Amino acid sequence: MAESLLRILLKSLTSFIQGEVGLILGFKDEFEKLQRTFTMIQAVLEDAQEKQLKDKPIENWLQNLNVAAYEADDILDECKTETARLKQTNYWSYHLKATAFRYKIGKKMKNIMKKLDAIAADRIKFHLEIRPIERQAARPQTGSVLTEKQVYGRGKEEDEIVKILINNAQQLSVLPILGLGGLGKTTLAQVVFNDPRVTEHFHPKIWICVSDDFDEKRLIKAIVESIEGKSLSDMDLDPLQKKLQKLLNRERYLLVLDDVWNEDQQKWDNLRAVLKVGATGASILTTTRLQKVCSIMQTLHPYELSNLSQEDCLSLFNQRAFEHLEEINPNLEAIGKEIVKKCGGVPLAAKTLGSILHFKREERVWKHVRDSEIWNLPQDESSILPALRLSYHHLPLDLRQCFAYCAVFPKDTKMEKENLISLWMAHGFLSSKGNLELEDVGNEVWNELYFRSFFQEIEVKDGKTYFKMHDLIHDLATSLFSARASNSNIREINVKKYSDIKSIGFAAVESSYSHLLVENFVSLRVLNLRYLELNQLPSSIGDLVHLRYMDLSYNREMCSLPKQLCKLQNLQTLDLQYCISLCCLPKETSKLVSLRNLLLDGCPLDCMPPRIGSLTCLKTLSRFVVGWKKGGQLGELGNLNLYGSIEISHLERVKNDKDAKEANLSAKENLRSLIIDWDWLEPRRYESEEVEVLEALKPHSNLTSLKINGFKGIRLPYWMNHSVLKNVVSIEISSCANCSCLPPFGELPCLESLRLCWGSVDVEYVDVDVDSGRFPSLRTLVIVNFSNLKGLLKKEGEEQFFVLEEMIILYCPMFVIPTLPSLKVCMSDASSLRSTSNLSALTSLNISGNYEATSLPEEMFKSLANLTYLEISVFYNLKELPSSLASLNALKRLDIYYCDTLESLPEEGVKGLTSLTQLSLHYCKILKCLPEGLQHLTALTTLTITECPIVFKRCEKGIGEDWHKIAHIPYLHIRNY
C-alpha cells in the first residue's frame, strides 16, 4: 500500500509548493526536498513490493517507509490546517503563534528528513531497481487442453453454455464468462471447447490466451497460427488481416479468447472488424474478471459464474489431498471439511489447500492449515493468492489503497457504500478530479471495484447501497497490509465491546473506551465509538486535530457534546444516529468548516444549531429540525448542495411559503430521498398556510423517494405529478386526514412502492383516472385505515397493476380487491377478502387483525392453487376454518396465531395439505384437539405448538391422546409457559 500513500503525499507536496501553504509558512525549500526524496523512493517501490514476498529485510524496509510516510502526512496535514486558520485571522495578531508553529514544525521536518534519508540510502543497499509503477503482473499461458483430472460441479454450466453457442443465430456472437479470479472460468471454457457437441457444430476451433497484451497484430497472428498449425514469419498487419479473413470466410468457427483485461473499445472494434467474415452462428467465447470487458465485447448477456457448492469444493479438495490413498483417516477427513469452508466456493482455493496437504498425514499439520489465514500459508505461482493478486495489480493506483482498506471490516460484513466512501475520504485516499465532488469521485472508485468483481451481493435499500466481499477477496486485501501498528501511525480506532476482530495495519480495535486515552493517538483520522453507552465525551476530543470521521451513533445515554468538539476543523463526518437522549448540538457547530456529513436520524433535536447553512461543504444532512428563531429556519438549507436523504421536521413552525421557498429544494439535484414531517403534538399556529408551504417544498425531479407525514392541508401539492416525480420509486403518505383526494399516482412511471396510512374518510379510490396502463411499475401497495376506500381504481381498465406482487390492506372495511393476476403476497384483515378467485397467482397470504369475524368464507381458498404460505392471526372471535383448506395442495407452511376462540381445525381440510412441511399453532387457548388427518401428512417435518394448554396435554409424549397423530413428525416444539 506504500505506493498509494506516496502518491497522495507527492500530490499534496506539489500543491503546497505551487500554492500558498509553503509561501505563508515559509517551508517551501523543505517541501521541495521532501518531494525529491519521496520521488526517488517511489521509483523503486514496484521492485520492492515484488521482492518483499521472499526477502524479510525488504519487507521491513517497506514497513519503515510506511511509518515515515504516515509521519510526513501528519506534518503536511498540520501545515494545511494552520494555513487555513491563519487565513481566517488577522495576520499580525496571529504572528507570535505562527512563529511558534513554524518552530515546532521545523523540528518535526528535520526529524522526518533524517529518517527518509536513511530509507532512501537503504534502497541502494538492497539493490532495488527502478521499474514502472503500474507494471502488470504476468499470468501463466493457458491452452485448450483440459489438464484437470476431473471437473467438479460444472456440468450444468457446461450444458447451458454449449446450448447457447450451438443455438446461436447471430453473424458473430460474443459470450463472456464473467467471474472472480480462481473461480474456474478457464477450466469451464476448456470443458466447453472440448465438448463433442461443440466439435460437431464448429470448425475451426481456436484457443488464444490473451492476458494483458491485447495487440491486434499479435492476436491475428496467433489465430492464424492456431488454424494452420505452424508458425508464421513476421508480416505486416494488412496481409495478416487478409490471410485470417480468407481462413475464416463463411466458416462457423469458435474462437476462445481467454483471460481478457482489455478495456479499450477501439482495440476490440479493430479486431472484431477482421473477424466478422464467418458464417451465421460463428461465436467467440471469452473469459474475464471485468464487467467493463463484458460491456465492450458482449453481444450475448454475460454468463456469470457462481461459486461451487460446499460438496463439490470438498470433492476437489479431497482429490488433491488424498490422491492415491487407499484408506483415508476419518479425523483428517473431518478436519478437511472445516478447511474447505475457507474456500468460499472457489475451486482454485480448494486445489491450493488440498495441494498444501498432499502427502501430509499428521493431524497437527492439518489443524495448522485449518487455523491459519490463507495468506500465511505457502503459495506458489499457481495458488489462489497469486491468482487473485493479478486483479489487484490490474487496478489503477488510485484504486489500490481504497480496495486494501476494506480489510478493516470483518469477513462477511455487509458494508454500506456511502459510509465506505466517507471513510476513504477521511483517510485521504480520494483525490479531487476537476469539478467533481469527492463523494462523486468515491462513487466512481466504488463502481470500478464492483465492475472488477471485488464486491458482490449488492442490495439497495432505503436509498443506500449495501454489499459484501468474498472471503478470499478479503484475504487478498488483508495480505496487502504491511504497516506496523503503533500509537504514532494508528489512523483509525474502532472500539467494540464484544468482538473477535483483530487490529490490522493502521486500524486498531479496542475492547473498551474506559481505558483508552484517545489523546495519545494524535494521528487519528477515524474514531468509531458506536454502541458504547457513553454519556459524555472528554473535552480532550478537541485535541485530535487530524480527525476526519467520528461515529457516536447508538450511544443512547449521551445528552450533550462538549464545545471543544467544534475545534475539529478537519472533521468531515459526524455520525450521531440514534443518540436518543441528544436534544441539542453545540452552539458553535458552524465552526466545523470541513464537515461534509452530519447524520442525525433518530436524534430528538428540538432545533438546529445557529447558522448551519454556513457549512458550505455539507453534503449529507440527514435531518433538519425547523426552529423558531432566525438562523435555525428553512433558509439555512438554501445554499447547501445536499446529497442522499434529508428529513425536514417540525414544519408546523414555518410561517408561510416565502420561508419554505428559501430552502430551495427544487435546485438540489443530488437529493434522492425527502421526508417532510409536521408534528401532530405541537400547536398549529400556521395551519391555514400548510398547503402553500408544501407547494413551496417542491423537490428536484431526480428525487427517488418521498414521504409526507402529519400534513393537515386539504389537498396534496400540484407538483406530485409525472413531471416532477418522474424518477420516484417509493412514496409514503401518512396521517394526512384532511386530504379529500389523492394525487395521480397511477401516472408515475417508476413508482414501485406506494404506502398510504391513516387517510381521509372522503377518499373512495386510490386513482380516479380511467386511462389504461396505470401504475406500470408498482410492485408493493400498502393501504391502512381508509374507512371509506372502495377500491384501487374508480373504473377498472385493462393493463392495470400488471406487475403488482405484494399488497397489504388493513382496516379498510369497504375495500374490494380487484383482479390482480400478478399478485404473489397479500395481507388483509379478511373484510376485503370476500373472494380470492381473482388472486390465482398468490403464493403467500396473511389474514390478520379481524375482531368480528366468526368464520371465513367457505370458498376462500378454492382458487389458490399456488399458495405456499398461509398465516391466520389475531382473530378474537374466529371459531372454525373453512374445509376449502383442502384445496391448498401446494401449501408448505401454515401459521395460526392468537385465535382465542378457535376450537378445532377442519378434518377434511387438513387431510388435503399434502405438501405441508411446517405447522405452527400459537396462543389458541381453547383449541381442543389436533385433527386425525395430521398423521397422513408425510411431508410434515416441523410442528410448533405454543400456549395451547388443552392440546399441550394431549400431545404428551407416549401417553397423550393426540400423540399418535404427531409421533411421525421429526421436529416437535411443544411448549406451555
Side-chain angles (χ1 to χ4, degrees), residues 731-733 742 745-746 751-875 878 881-882 884-885 887-888 890-891:
I731 291 179
E732 181 176 322
I733 310 292
L742 297 173
F745 294 126
L751 185 64
E752 294 181 8
S753 174
L754 177 61
R755 297 173 182 268
L756 306 169
C757 304
W758 304 94
S760 169
V761 296
D762 296 324
V763 176
E764 294 186 349
Y765 296 96
V766 175
D767 199 323
V768 296
D769 203 305
V770 296
D771 291 347
S772 62
R774 311 294 289 170
F775 298 94
S777 303
L778 194 68
R779 297 183 180 277
T780 301
L781 176 64
V782 178
I783 305 175
V784 179
N785 216 320
F786 277 69
S787 57
N788 286 316
L789 189 71
K790 296 177 180 177
L792 299 179
L793 303 175
K794 191 165 187 177
K795 182 179 178 182
E796 277 196 63
E798 297 178 4
E799 299 179 2
Q800 313 288 357
F801 300 97
F802 50 82
V803 296
L804 187 66
E805 295 177 347
E806 181 179 1
M807 182 170 70
I808 298 174
I809 308 291
L810 295 172
Y811 313 118
C812 301
M814 308 291 290
F815 189 83
V816 178
I817 295 179
T819 300
L820 298 169
S822 61
L823 195 68
K824 298 287 193 298
V825 179
C826 181
M827 178 177 178
S828 176
D829 55 15
S831 59
S832 55
L833 275 174
R834 297 171 186 87
S835 170
T836 57
S837 59
N838 48 1
L839 303 175
S840 57
L842 212 60
T843 59
S844 176
L845 175 60
N846 183 327
I847 310 169
S848 178
N850 192 301
Y851 303 107
E852 298 174 0
T854 59
S855 64
L856 298 175
E858 182 56 43
E859 304 295 311
M860 174 169 277
F861 301 123
K862 284 196 171 178
S863 303
L864 303 180
N866 297 305
L867 199 70
T868 59
Y869 174 73
L870 173 62
E871 178 183 318
I872 301 170
S873 60
V874 197
F875 275 74
L878 186 68
L881 299 179
S884 61
L885 205 64
S887 305
L888 304 178
L891 194 70

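Just so you know, these numbers come straight off a predicted model, no measurement behind them. These values consider heavy atoms only, across backbone and side chains, with no hydrogens, waters or symmetry-generated copies.
Panel note: side chain Asn788, backbone Val761; a donor-acceptor pair is recorded below 3.5 Å. Side-chain atoms of Asn866 come within 3.5 Å of backbone atoms of Ser840 as a donor-acceptor pair (strictly under, hydrogens ignored). A distance-only check finds no donor-acceptor pair linking the side chain of Ser884 to the backbone of Glu859 [under 3.5 Å].
With values rounded to the nearest 0.5 angstrom, Ile808 atom CD1 is found 12.5 Å from Leu756 atom CG. Rounding to the nearest 0.5 Å places CD1 of Ile731 at 5.0 Å from CG of Leu751. In this structure, CG in Leu839 is found 10.0 Å from OG in Ser822, a value given to the nearest 0.5 Å. Rounding to the nearest 0.5 Å places CG of Leu842 at 9.5 Å from CG of Leu870. Atoms CD and CD, on Glu752 and Glu805 in that order, are 9.5 Å from each other to the nearest 0.5 Å. Remark: Ser828 OG to Leu845 CG distance equals 8.0 Å, nearest 0.5 Å.
Using a 4.5 Å heavy-atom cutoff, the side chains of Phe745 and Ile733 are in contact. In this structure the side chain of Tyr811 reaches within 4.5 angstrom of the side chain of Val784, judged on heavy atoms. In this structure the side chain of Phe875 reaches within 4.5 angstrom of the side chain of Leu856, judged on heavy atoms. Between Ser848 and Ser873, the closest side-chain pair of non-hydrogen atoms falls below 4.5 Å.
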Next on the checklist: Under the criterion side-chain contact (heavy atoms from CB on, under 4.5 Å), I'd like the reasoning laid out for Leu781 against Phe775: C-alpha separation, chi angles, the key distance, then a yes or no.
Outcome noted: CA-CA 11 Å; Leu781 176 64; Phe775 298 94; over 6 Å; no
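The nearest pair of heavy atoms linking Pro821 to Ala841 is O-CB, 3.1 Å. Among all heavy-atom pairs drawn from Leu823 and Glu806, the shortest one is CD1-N, 3.7 Å.
Evaluated for a side chain to side chain contact (heavy atoms under 4.5 Å, CB included) with Leu792, the options Asp767, Ile817, Val766, Leu778 yield exactly one hit, Val766.
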